[in-house]
Number of protein chains: 2
Amino acid sequence: MNATTGARERLVAAAQQMFAAQGVGATSPRQVLDASGVGQGSLYHHFPTKHDLAVAAVGATVDDALAAARRDLDPGDAGTEDPVARVVAYLERPRDALAGCKVGRLTSDQAVMDDDGLHDVVTAYFVRLLDAVAATLREAGLPDAVARDRAHAAVAVVQGGYVLARATGDPDAMSAAVRGFVALLRTPAPTEGAR
Amino acid sequence: MNATTGARERLVAAAQQMFAAQGVGATSPRQVLDASGVGQGSLYHHFPTKHDLAVAAVGATVDDALAAARRDLDPGDAGTEDPVARVVAYLERPRDALAGCKVGRLTSDQAVMDDDGLHDVVTAYFVRLLDAVAATLREAGLPDAVARDRAHAAVAVVQGGYVLARATGDPDAMSAAVRGFVALLRTPAPTEGAR
DNA sequence: GTCTATAACGCGATAGAC
DNA sequence: GTCTATCGCGTTATAGAC
């Protein structure tokens, strides 16, 4: 915590919080500046435009989120070798459902979607997350196409769970969605291809 | 299309389009006004505040969306008595995935969530949608708790599918999520309670 | 490297003529 | 019921002292 640990880091941390709570477009540089406690000149010294600040803050948030998902999916951290159990661990991880997904919410933030740099960061997050889940499901012996579709469904359930929880104001809406999906995920497939 | 069919309807229609494309908070009354072709005074005559305009436009959008879902889930319109097939019809209905859900997106719009009136309209939409899907699944003989969880999962897959499609820029991300979920939904349960 | 002051612009809303 | 003109404020960003 020396003098050089100051402004830049505080600005990014404050921006991450504000963006998670309000979105990027709805957050003014001025708000970030006030929350961080630095002066106006400092902000524009470290980040010439709002875009630069947003790329730094969103990038940090994406790195955190991806690391958390990989912990759930990693056999060592999850404490089980069973691939399906690890995907279930990812699905059932406690989440602040009413807050919404720090990354997923950016998807309906016009300021993010209109900014190529920011959009790319969000795209990379979901591509990597989907790849990680699909890879885990392939370990369970699923064919690639099935693993990919199921990974999309799994990640969609979490993202949709956030939407339902926020819409209804009830965090259990997320739990219910995950419960419903996990129950289906665990029913042993009746010999792939059979009806 | 007489003279009295003018301003108000045009304003609401324009607002619905702009809100769907940009969100409520990111759309200024001035933009709606320009898109609708009416004058500034007319807007504030019919809708004293932006809130009033938003309630009218979001309400109309929600009514449309709910009616569409009920058509998918209705035995008559769906053309099949099989309840699961009707839920699948809802899931597989063609959607403009890259545009995002007109209602679900509002969930991460601060201007909507901070406005009690608007929030209530969004809440009512999802409560009714979830009820309709759960009721259909109960027709299939599922116990209430299972039907509710599975309905949450189904609606979450669609909402999450929108998020994935927008994030990756690929409309097929939505199709993949739905495919993955429908495949699981169709595997016959191995006698409820058995392992 | 950090500060204060301020510019230029668009916002939501109002006034008042027609 | 519709128009134009305008108010007061907050925004993103810059200027220039320290």
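Basis for what follows: all heavy atoms, side chains included, without hydrogens, waters or symmetry-related copies. Sequence lines set the chain letters: A, B, ... in the order given, protein chains first and strands last, and positions in each chain run from 1. Here the structure is a predicted model, which is why all the values come from computation and not from measurement.
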Item checked: Length of the line joining A/K50:NZ and D/dG10:C1', which is rounded to integer Å -> 12 Å

Note to self: Can you measure B/F47 atom CZ to D/dG1 atom P for me and round it to whole angstrom units?
What the structure shows: 13 Å

Check: At under 4.0 Å, does any side-chain N or O of B/T49 touch on OP1 or OP2 of C/dG12?
Finding: no

Check: What is the distance from CG of A/D34 to C1' of C/dC3, rounded to the nearest Å?
Finding: 14 Å

Notebook entry, point to check: In whole angstroms, how far is the P atom of D/dT12 from the CG atom of A/L53?
Noted result: 10 Å

Notebook entry, point to check: Roughly, in whole Å, what's the span from NE2 in A/H45 to P in D/dA17?
Noted result: 18 Å

Check: Is any NZ, NE, NH1 or NH2 atom of the basic residue among A/R148 and A/D131 found under 4.0 Å from an Asp or Glu carboxylate oxygen of the other?
Finding: yes

Notebook entry, point to check: Does C/dT2 have OP1 or OP2 sitting under 4.0 Å from an N or O in the side chain of A/H46?
Noted result: yes

Margin query: With a 4.0 Å cutoff (strictly under), does any side-chain N or O of B/S28 reach OP1 or OP2 of C/dG10?
Written below: no

Check: Between atom CD in A/Q40 and atom P in C/dA7, what is the gap in whole Å?
Finding: 14 Å

Next item on the list: Answer yes or no: does atom CD of A/E139 have more than 12 heavy-atom neighbours from other residues, nucleotides or ligands under 6.0 Å?
Entry: yes

Checklist line | NZ (B/K102) with more than 12 external heavy atoms under 6.0 Å | finding: no

Next item on the list: Answer yes or no: are there more than 12 heavy-atom neighbours, outside A/R93 itself, under 6.0 Å from its atom CZ?
Entry: yes

Checklist line | d(CG, B/L11; C1', D/dT2) in whole Å | finding: 11 Å

Item checked: Spacing between A/Y44 atom OH and C/dT6 atom C1', to the nearest angstrom -> 13 Å

Next item on the list: Hey, which sits more toward the 5' end of DNA chain C by its nearest nucleotide, A/G39 or A/R30?
Entry: A/G39

